[in-house]
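The shown structure was predicted, so the numbers you read here are calculated from the model rather than taken from an experiment. For this chain, numbers begin at 1 and follow the sequence in order.
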Amino acid sequence: MEQVPPSSENAAASDSPGSDGATPILRELVAADLPKLRKLIALLNWNQLDDEWLFMLEQAPETTLGMILQERVIGTAAALPYPNGVAWINMVIVEPGVRGGDIGSRLLRELLARREGLPFKLDATPEGAPFYRTLGFTEEGRLVRLTGRGGGVGRRPEGVVSMTAADLPELIRVDAAAFGTERTALLKWLLRRSGKAAFRLPGVPAFLLSRPGRLFRQLGPLYAPDLDSAVRLLHAALYHCAYEFPMIDVPETQRQFIAALEGRGFVVQRPFFRMALNNADGWREDLSGCFAIAGPEFG
């Protein structure tokens with residue numbers, strides 16, 4: 001099974017111009033850049049597909065930025081605004097061949113300048129966290145990424161049903177209570193991306209969405225009132241994704257759920273550091289009922 005490399009999501013790096021002296025150009029990305037972005041994602045062995053870029057370009061065109069060098073996208077950084085004023089930083093990528101200068105720093109500083117003084121959040125790898133601290137970000141919590149294999153479940157657990165658009169209002173309410181703001185556009189998009197791999201438990205606030213990727217199916221967000229409900233939704237996803245490799249990002253505080261995943265053969269890959277900047281109002285999440293986030297791209 002392929003593993004996501006340590007340079008994964010939000011692992012900011014320092015970078016340099018081309019060896020021939022050409023100067024990189026910073027600009028907003030557009031749909032015509034997708035083939036170049038696809039090459040950059042493949043080069044770093046990341047998990048994102050075109051759909052993630054298209055969602056960002058639709059929702060946040062002014063804060064989906066790229067560094068262009070001789071018709072090549074050598075770096076990217078984006079920020080998705082949420083209704084409570086926070087923007088979620090994601091897609092911070094730098095081509096390995098140009099690391100050693102300031103490409104990543106330029107992209108991040110431009111993002112911050114476009115929303116000067118407003119709050120930002122992100123999930124950083126251990127490699128990226130020190131860089132974000134130099135910009136003033138502080139740690140608010142931690143997550144654990146695990147990967148595994150689908151299948152291994154005899155049948156779909158009783159009581160678990162497939163989600164439909166009719167379930168969105170309740171999911172939006174549950175997600176907003178946990179995350180701190182409503183994310184209607186994101187959840188609608190995730191439900192479409194989930195296909196048949198979106199599940200709920202009727203009568204309780206228990207939901208699981210997912211999305212396909214280049215290497216793994218990302219499971220999450222996953223909300224449940226208790227560990228048993230979360231595990232039942234997990235088993236439904238594993239049953240449905242028998243021939244896929246699932247990936248899941250779990251709040252570090254959900255230790256029993258992490259143990260349950262490890263019992264199913266999942267392997268811990270790395271931590272993520274949830275970090276914030278300009279969070280003067282003290283906006284906090286309540287992740288007590290969150291067993292998996294939507295992924296580092298979206299929080």
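- F291 has its ring centre less than 6.0 Å from the ring centre of F257.
- Note that CG of L122 is 10.0 Å distant from OG1 of T125, once rounded to the nearest 0.5 Å.
- The two residues L108 and A77 make their nearest non-hydrogen contact at CD2-CB, 4.1 Å.
- F207 has its side chain within reach of M163: a pair of non-hydrogen atoms, C-beta onward, lies under 4.5 Å apart.
- Checked for salt-bridge contact, K39 and E95 miss the test: no charged N lies under 4.0 Å from a carboxylate O.
- Here the closest heavy-atom approach between residue L208 and residue A237 is recorded as CD2-CB, 3.6 Å.
- Judged purely by atom type and a 3.5 angstrom limit, S194 uses its side chain to pair as donor or acceptor with the backbone of L190.
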Go through I93 and I41 one step at a time and tell me if the side chain to side chain contact (heavy atoms under 4.5 Å, CB included) criterion holds. CA-CA 8 Å; I93 313 173; I41 290 290; 3.7 Å; yes
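- Contact of the M275 side chain with the T138 side chain is not registered, since no non-hydrogen atoms from C-beta on lie closer than 4.5 Å.
- Remark: the E52 side chain and the N90 side chain contain no N/O donor-acceptor pair separated by less than 3.5 Å.
- Using a cutoff of 4.0 Å between basic side-chain nitrogens and carboxylate oxygens, R27 and D33 are scored as salt-bridged.
- A single hydrophobic cluster is not seen to contain both V161 and L187; linkage of ILVMFWY side chains at heavy-atom distances under 4.5 Å, directly or through other members, places them apart.
- Nearest heavy-atom pair, N84 versus G180, reported as atom, atom and distance to 0.1 Å: ND2-O, 4.0 Å.
- A salt bridge links E71 to K36: at least one charged side-chain nitrogen sits closer than 4.0 Å to a carboxylate oxygen.
- In this structure, CD1 in I248 is found 6.0 Å from CG in L222, a value given to the nearest 0.5 Å.
- Taking the side chain as every heavy atom from C-beta outward, P246 and T147 never approach each other to under 4.5 Å.
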Side chain to side chain contact (heavy atoms under 4.5 Å, CB included) for V92 and T76? Distances and angles first, verdict last. CA-CA 5 Å; V92 181; T76 64; over 6 Å; no
Take F273 and Y132 through the ring pair (Phe, Tyr, Trp, His ring centres under 6.0 Å) test and state the conclusion after the steps. CA-CA 10 Å; F273 300 87; Y132 292 112; over 10 Å; no
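- Here the side chain of N47 pairs a donor or acceptor atom with the backbone of F216 at under 3.5 angstrom.
- A distance of 10.0 Å separates CD of E285 from CG of D175, quoted to the nearest 0.5 Å.
- L118 and I89 are assigned to two separate hydrophobic clusters, defined by single-linkage of ILVMFWY side chains at heavy-atom distances under 4.5 Å.
- Between the CG atom in L146 and the CZ atom in R270 there is a gap of 11.0 Å [rounded to 0.5 Å].
- Judged purely by distance below 3.5 Å, without hydrogens or angles, the side chains of R217 and S210 pair a donor atom with an acceptor atom.
- Residues M67 and I25 fail the side-chain proximity criterion, which asks for heavy atoms closer than 4.5 Å.
- Looking at E140 and N279, their side chains do bring a donor and an acceptor atom within 3.5 Å of each other.
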Derivation and outcome, salt bridge (Lys or Arg N to Asp or Glu O under 4.0 Å), residues R115 and E62: CA-CA 10 Å; R115 291 173 48 87; E62 295 180 354; over 6 Å; no
Worked verdict on R274 versus E252 for salt bridge (Lys or Arg N to Asp or Glu O under 4.0 Å): CA-CA 11 Å; R274 180 148 292 185; E252 188 181 58; over 6 Å; no
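- Residues V268 and F266 share a hydrophobic cluster, clusters being chains of Ile/Leu/Val/Met/Phe/Trp/Tyr side chains in contact below 4.5 Å.
- Atom CD of E297 is separated from atom CG of D249 by 8.0 Å, given to the nearest 0.5 angstrom.
- Rounding to the nearest 0.5 angstrom, the gap separating the OG1 atom in T23 from the CD atom in Q70 is 10.0 Å.
- Cluster annotation: F245 is not connected to L49 through the hydrophobic network of ILVMFWY side chains, with a link wherever side-chain heavy atoms come within less than 4.5 Å.
- Ion pairing of E139 with R133 is present here, as a side-chain N (NZ or NE/NH1/NH2) and a carboxylate O approach within less than 4.0 Å.
- Across all their heavy atoms, F55 and A185 have their closest contact at CE1-O, 3.9 Å.
- At distances below 3.5 Å, at least one donor-acceptor pair connects side-chain atoms of Q254 with backbone N or O atoms of S288.
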List the steps and the verdict of side chain to side chain contact (heavy atoms under 4.5 Å, CB included) for V144 and L261. CA-CA 11 Å; V144 178; L261 285 161; over 6 Å; no
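- Residues R173 and P205 come closest through the heavy atom pair NH2-CB, 4.5 Å.
- Judged by the 6.0 Å distance and 45° axis criteria, R155 is not positioned over the aromatic ring of Y239.
- In this structure, the side chains of R38 and D50 come closer than 4.5 Å at one or more pairs of heavy atoms.
- In terms of the salt bridge (Lys or Arg N to Asp or Glu O under 4.0 Å) criterion, R156 has no residue partners (sequence neighbours excluded).
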Checking L287 against F179 for the side chain to side chain contact (heavy atoms under 4.5 Å, CB included) test, could you report, in this order, the C-alpha distance in whole Å, the side-chain angles of both residues, the deciding distance, and whether it holds? CA-CA 7 Å; L287 300 183; F179 191 74; 5.8 Å; no
Can you check ring pair (Phe, Tyr, Trp, His ring centres under 6.0 Å) on W88 and F298, steps first, answer last? CA-CA 6 Å; W88 198 271; F298 308 116; 9.1 Å; no
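- Note: the hydrophobic cluster containing L65 does not contain V30 (ILVMFWY, side chain heavy atoms under 4.5 Å, direct or indirect links).
- Between R193 and Q218 the shortest side-chain heavy-atom distance does not fall below 4.5 Å.
- Formation of a donor-acceptor pair under 3.5 Å by the R200 side chain with backbone atoms of T164 is not found in this model.
- Considering only heavy atoms from C-beta on, L191 comes within 4.5 Å of L209 through its side chain.
- Taking the ring axis of Y82 as reference, the NZ or CZ atom of R183 stays within 45° of it and closer than 6.0 Å to the ring centre.
- Among all heavy-atom pairs drawn from P24 and I103, the shortest one is CG-CD1, 3.7 Å.
- A salt bridge is absent between R106 and E110: the closest approach of a Lys/Arg side-chain nitrogen to an acidic carboxylate oxygen does not fall below 4.0 angstrom.
- T134 places a side-chain N or O within 3.5 Å of a backbone atom of F131 that can act as its donor or acceptor partner.
- Residues L201 and R232 are in side-chain contact: their nearest non-hydrogen atoms beyond the backbone lie under 4.5 Å apart.
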